[in-house]
Amino acid sequence: MGIAVKFSPLSSILTDDATNIPLTPRLLHGYSRSLYLGFFILLFITWFGRKFRNNSNGGPKQILRSNNRSLFYKQTLFCCVVLVLLNLFVLLFNLFYWYKNGRTNESIITSQDTLLGAFVWSFVSLYLHTHVSNSTESLYPIVLKVWWLSFSLISCFCLVLDYLNYQQNQYLIFEALSTFVSLCLCYVGFSDNIVNGTINHLYQESESLLNETITPSTNISIFSLLTFSWIHPLIATGYKKPLDLEDVPELDSVNSARGAFSVLRSKLESGKRENSQITTFVLAKAVILTIWRDILITALLSLVYTLASYVGPFLIDAYVEYVNGKRDIKKGFLLVSAFIVAKIVECLAQRHQDFKLQQAGIKARSALVATIYLKGLTLSSQSKQGESSGEIINLMAVDAERIGEFSRYMHNPWLVILEVGLALAILYKNLGLSSLAAFVATIIVVSTNIPLGRFQKKFQEKLMMYKDKRMKTTFEILKNMRILKLHGWEMKFLSRIHDIRREEAQWLYKNVFTMAMTTFSFWVAPTFVAISTFGTCILAGIPLDSGKVLSALATFKILQESALDLPQTVSMIAQTKVSLDRIASFLRLQDLDSNLVENLPKGSSDTAVEIINGNFSWDVTSANPTLIDINFRAVHGIRVAVCGTVGAGKSSLLSCILGEVPKLSGHVKLCGSRAYVGQTPWIQSGKIEENILFGKEMERERYDKVLEACALKEDLGVLSFGDQTVIGERGINLSGGQKQRIQIARALYQDADIYLFDDPFSAVDAHTGSHIFKKCMLDFLKSKTVIYVTHQVEFLPDADLILVLKDGRITQAGKYDDIVNTGSNFIELVGAHKEALLEMGKKLASDIKDANDNKRNQGNVKNHIQEVNVNSQKGKEVYPNGKKRQLVEEEERGKGKVDLSSYLKYLTIAYGGALVPLVLLAQITFEVLQISGNYWMASASSKSIEAHVEGSKLIIVYVGFGIGCAFCVLTRAMLVMKAGYETANKLFYKMHFCIFRAPMSFFDSNPSGRILNRASTDQSAVDVKLADTMILFAAVVIQLFGIIIVMSLGAWPVFLFFIPMIGICIRLQRYYIPSARELARLVGVSKAPVIQHFSETISGSTTIRSFDQNGRFENTCLNLVDNYSRPNLHVVGALDWLGLRLDMLSSLMFSFTLIFLVSIPEGTINPSTAGLAVTYGLYLNKLQGWAIQKLCNVEIRFISVERIFQYCCIPSEPPLEIESNRPHSFWPSHGKVDIINLQVRYAPHMPLVLRGITCSFHGGRKTGIVGRTGSGKSTLIQTVFRIVEPICGEIVIDGINISSIGLHDLRSRLSIIPQDPTMFNGTVRSNMDPLEEYTDDQIWEALDKCQIGDEVRKKEGQLDSTVTENGENWSMGQRQLVCLGRVLLKKSKILFLDEATASVDTATDNMIQKTLKQHFSDSTVITIAHRITSVVNSDMVLVLHDGLIEEYDSPTKLLEEKLSAFSKLVAEYSVRSNSSHTISNCS
């Protein structure tokens, strides 16, 4: 009934019995048309009645919720559309049959019936779309149900009768399809009321997966698991709105990093016990055992997929014989069924194999990342010196990622052997001994690629070595970008990156060239094998016919599919081997010895800390230990002070108590928990509250006491969001004093038994230092054991025990009064302090005497201070537009589809896009030549006399086609390699230039992890993957059109069927791509926090270990890895969801082709052409799916380019040089600095930091800047260097507005010793003179002036002695002296000191002050200092408070005003310093 043509064969059966009047053909066809017309009239009346009721009610009611789900609307509409297509196809087929055999009454009646059927079913489809899709009813109209039931019953009845006479029925398969669809319609029509109450529940259950775990193996049906329907709710959500990480379901225990990591760790430990160390084999074995279940399942699926894919080539010969010989409809039906079943099994196996492989890869990568992280957390100090943070991050970001990606290729090596074996079996069946030629040719192809594989492994190792070096340098530069910009060195350090990249690019070129040659060899391999095989057949006299040739060609085409993956497989094997070697080498590094310190249970001993005969050395191979013969004992509840000169070993003493320094001999005992405050503040990215709590629960009362003790309440009141303010990387939006106090607060909140402080007062002003010492040391920690290193002698009298260190030895120990008069070392420190105080006293007395002669100045001071404060009140408007935002915000990510202009921009980067049309032309020519060659072989080997040609001519022409194909593939491979290489390089240089020219605000608001992610992962994708991905997409699309053309030649209705299929595919792709695109972006965004946490952990590992927080940080890492894996896994699932549906559509189209070729009359089409159409049709599902998938892959991978483009458009700093306004070479000659109404904020959404400052620093004079931490002192200096641009006001130096000249012209003429002393990885020479402008003699002179020359001479390499990352093999004080040496070498007219002596003892401070006074006597020196002795000798003192000038005058005049802030500061410092009693008594 659905296809009325079925009555034509039925009529033939029944015409023999003329007495059976009710079933005569004319009556049956009349009955068919009557049913169609009757149903159409009823349905039209029903539709018209509904429209009339709606209009009479004032229009349709608002639809609250559609019942599409409960009505199976989409399934019903699909069935109706299929019936329309089937009727149209049979109509066209009948007309074709009419054209070939002449017109008959039967064909006329059949055409009328099918035309009417197509019209009625089209109306039903329209009715469903216009009425049912918007209906709120839960049941279908009764007229539809009656029609569907009648239609299905009559269809079944007719199908049975037709099957009994299948010999005379050429339309049996179409009738079976029509009957099947009618039964589906009947099912959905009568099950609406049954499932109405359950279907919504099922959908709610599937949608609830978005808020639960993904768990595809549990809690969902087999059908959902088989068809990937479990991911559909997420795709539907992504289609409606851009996905966020919260929309992506959590991972279950099977896929989580925690489960995989625990397995990998246990396997590594067992492998280490067996082999004494972790080798590459042990690591590979452990990874395999971690995912062995997935490996077995995917191996089985791969086997099924491979066997199913060879069913087609095996049956093609039989199919061609069937088309060429006598037709048997039953045999044809069995052949078609075998093709279709094999194709469906192949599609399902392929999709699930792909998903499980990538699922296994994600688990392996997660486990490796966690393992690398844990190793980085436990590395010994000596191991750290050999591995920089950048190198370790590269292991996680690149190597672990690559091993995870290898999972997709893990079965390819043995599958290739299996596929070659199956291919040879099929070839032997068809061509006999000629298959041996195919085997030999295959061996030759594989053998020629062995050297290429070796070369690729070698090139990959070199490439990764230089990538490591580049990432190491990049990481260090990003961490110290502020220092580079202050000195004007950023372009010099960019040239270092360029130099490394040039070396890396040489190996990259060799690597991609080798990949191109491998691609060429494998693309031409099938043609080479085919020529060898057919040539052998000709020489051996083995007859060739169309069936055998097409079967062989189909087999070679499968081998070509494998060949497409083999180059990448060879490349991935080489890359994975290198990555396994690198990770195994890292895991073999020495861990921190947990037995260095004996930890006793709390309360088990009266002794808190004890070191007996301790000898320690950071370098165990060195002949000079760091600490020698250390003996001391601290009981519970005492305060121990550690003092000494620069490089004496003070910080090392605390480190050996923590177990950080390798122990050569002796014993270290600790009783109780520890808390540690380092000399350099370590602050995590995150909220201030999170940094203070540091993993502990909030206890509000204790928390408030800690804030009070650390003097943080006032600072939190000033900050935008209080303690909820997000701190940037390394605390960039906090002052040095604020970072130090947050670090102290973190230690206090932990309520530990033993507290270790490494010079905690160096970064805070005198007033705050006194407050912290009194409130923290003496009050808050009065019952705790406290060991503190300090350079401030004034904090020593309150210690119960003082340890004096020199050259790594404890030279004196005792109370202050006991040792103050014994021993030269302590007397030297105290004497230097007293000398500084005495000099300060003399200076003050002299100045006050001079000032008393002119009392009238006092009023001027008051008036000046009042005037400044009044004028600065306009700074009260703190926030722009009243809006508050965090400095560090979520990473920017594009939303929506990738713009077409981005693709065009990428394609035209190299050679203006000139190579793109040449690449496409080469690929199109290749496809044309390959199809032509196959057509020539199929047609010329036909059994027909007219088509048959001689064997020599047959093979010569085919060889010609093969040579043409090879040339095209080689041309394409070379052009793609060249274009991809040039594009990657240009993007690299452009992105890095923009990053280095970005303003400092960019680095403040973007953690280095985000930038490193672009420089590593995204750049690697552009270097190696993207060009190949794009050409593969183009190649697949071209091949797809080639297949459509070939199939249309053999079965022209395929082209008509292809159009709606393409429409459905595009619709599916558009439905899928929004989710896939956003998931891919989430992958990129989610990776940066992993890298960021990784780098922070490595830099703060000492602090983390000292607080015993290893476990918490490990859990955080695992959670971040899971957050990265979540979108990754769903990207894979969504891709296979799409792929399976596209495969099924392609299989439907292939089935249609087969049915058409089986059903057409004999002799209608050339058997060779039909066989060629089937041969190419076997790969239609793959290529149609691949075309959409490759398009999605291009867009997903192109996100890496999109992210690089984002960084290529960063707003730049002002020009480095302005040619039209360059200052003279002797500028500045006087050094006068005028600041006029200066207002500064760090970002447009941040509050004002400086709020209207006006003052002048006179040339050649010394100015000290003091003020509470966070008052804006360092900001003022950064504004002079234009690190921060003012929003209002100006700065004029010697008559030139600094905003009118280039940045390098400005910064190169100024000098600064920054607050954080920084040394770079390299040598002493490269640190002293990065720009290579000075001779060795000049460098030695500068080192001697800053009193560190002798220390450098002791080192083996002297000026070439090694400086490790961050200068960690030098003490903080030594680093500070090197920074002093730099400015002595440069000797600028204007010098800024930003807490330049904070990390040195008083004696060294005095030496530095004398050195500066001697060598910068005629220079303008502006000093920020917390030591009053460093400021009081200045000509002028500027007191800042909350971004305003509180006082500005000479020290003398300020001291005359007893209520001035400076007077109070000096008085407090003097009282504290001169007291021999505790501060508590003094106050």
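Because the structure is a prediction, the values reported are computed rather than measured.
Here the shortest heavy-atom pairing between Leu374 and Arg265 reads CD2-NH1, 3.6 Å. Shown here for Val287 and Leu264, the closest heavy-atom pair between the two residues is N-CD1, 3.8 Å. Here the closest non-hydrogen pair linking Thr371 and Leu587 is CG2-CD2, 3.8 Å. Nearest approach of Leu415 to Ser302, heavy atoms of both residues: CD1-CB, 3.7 Å. What you find for Val369 and Ala400 is that their closest heavy atoms are CG2-CB, 3.9 Å. Minimum heavy-atom separation, Leu283 to Ala584: CD2-N, 3.7 Å.
Counting non-hydrogen atoms of other residues, nucleotides and ligands closer than 6.0 Å to CD of Gln590 gives a total of 12 or fewer. No more than 12 heavy-atom neighbours from other residues, nucleotides or ligands sit within 6.0 angstrom of CZ on Phe281. The 12-atom threshold is exceeded at NZ of Lys510, counting heavy atoms of other residues, nucleotides or ligands nearer than 6.0 Å.
Partners of Arg496 by side chain to side chain contact (heavy atoms under 4.5 Å, CB included), not counting sequence neighbours, listed by chain and number: Phe493, Ser1326, Pro1330. For Asn1123, the side chain to side chain donor-acceptor pair (under 3.5 Å) partners are Arg1126, not counting sequence neighbours. Applying the side chain to side chain contact (heavy atoms under 4.5 Å, CB included) rule to Ala973 yields the partners Ala516; only residues at least two apart in sequence or on another chain are considered. Legend: residues meeting side chain to side chain donor-acceptor pair (under 3.5 Å) with Arg502, ordered by chain and number and at least two apart, are Asp499. Partners of Lys462 by salt bridge (Lys or Arg N to Asp or Glu O under 4.0 Å), not counting sequence neighbours: none found. Judged as a salt bridge (Lys or Arg N to Asp or Glu O under 4.0 Å), and not counting sequence neighbours, the contacts of Lys577 are Asp581.
The closest side-chain heavy-atom distance from Phe1094 to Ile1098 is below 4.5 Å. The side-chain heavy atoms of Asp1028 and Met515, taken from C-beta on, include a pair separated by under 4.5 Å. In this structure the side chain of Gln506 never reaches within 4.5 angstrom of the side chain of Tyr466, judged on heavy atoms. Contact check for Ile392 versus Leu379: side-chain heavy atoms found under the 4.5 Å cut-off.
One side chain, Asp1023 or Gln1019, offers a donor N or O that lies under 3.5 Å from an acceptor on the other. No side-chain N or O of Ser407 forms a donor-acceptor pair with one of Arg365 less than 3.5 Å apart. For the residue pair Asp252/Asn255, the side-chain donor-acceptor check at 3.5 Å is satisfied. A donor atom on one side chain and an acceptor atom on the other are found under 3.5 Å apart for His411 and Thr298. Lys467 and Ser1020 are linked by a side-chain donor-acceptor pair at a separation below 3.5 angstrom, with hydrogens and angles left out of the test. The closest side-chain donor-acceptor pair between Glu346 and Ser309, if any, does not fall under 3.5 angstrom.
Interatomic distance, NE2 of His992 versus CZ of Arg470, reported as 5.5 Å (0.5 Å rounding). Taken to the nearest 0.5 Å, the OG atom of Ser1095 stands 7.0 Å off from the CG atom of Leu1012. Summarising the geometry, atom CG belonging to Asn985 is positioned 11.5 Å from atom CD1 belonging to Ile909; distances are rounded to the nearest 0.5 Å. To the nearest 0.5 angstrom, Lys356 atom NZ is 10.5 Å from Arg293 atom CZ. Expressed to the nearest 0.5 Å, how far CZ of Phe455 lies from CG of Asn511 amounts to 12.5 Å. Atom CE of Met465 sits about 10.5 Å away from atom CD of Glu504, to the nearest 0.5 Å.
When atom types are taken as modelled, the side chain of Lys363 and the backbone of Gly259 share no donor-acceptor pair closer than 3.5 angstrom. The backbone N or O of Glu1096 lies less than 3.5 Å from a partner atom in the side chain of Ser1099, making a donor-acceptor pair. Asn1119 places a side-chain N or O within 3.5 Å of a backbone atom of Asn1115 that can act as its donor or acceptor partner. The backbone N or O of Ile278 lies less than 3.5 Å from a partner atom in the side chain of Arg588, making a donor-acceptor pair. In this structure, Asp1122 contributes its side chain and Ala257 its backbone to a donor-acceptor pair below 3.5 Å. The main-chain N or O of Val282 is found under 3.5 Å from a side-chain atom of Thr279 such that the two form a donor-acceptor pair. In this structure a side-chain-to-backbone donor-acceptor pair under 3.5 Å is present from Tyr310 to Glu419.
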Query raised in the report: Stepwise, does the side chain to side chain contact (heavy atoms under 4.5 Å, CB included) test hold for Leu307 with Leu303?
Result: CA-CA 6 Å; Leu307 293 175; Leu303 179 63; 4.1 Å; yes
Report task. For the pair Phe406 and Gln575, evaluate side chain to side chain contact (heavy atoms under 4.5 Å, CB included) and give the outcome as yes or no after the intermediate values. Result -> CA-CA 9 Å; Phe406 176 70; Gln575 294 178 36; over 6 Å; no
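We find that Lys472 and Glu476 are not joined by a salt bridge, their nearest charged nitrogen and carboxylate oxygen being 4.0 Å or further apart.
In this structure, Arg972 fails the cation-pi test against Phe926, since its NZ or CZ atom is not both closer than 6.0 Å to the six-membered ring centre and inside 45 degrees of the ring normal.
The aromatic rings of Phe1113 and His1093 lie parallel to each other, their planes meeting at an angle below 30°, with 60° marking the opposite boundary.
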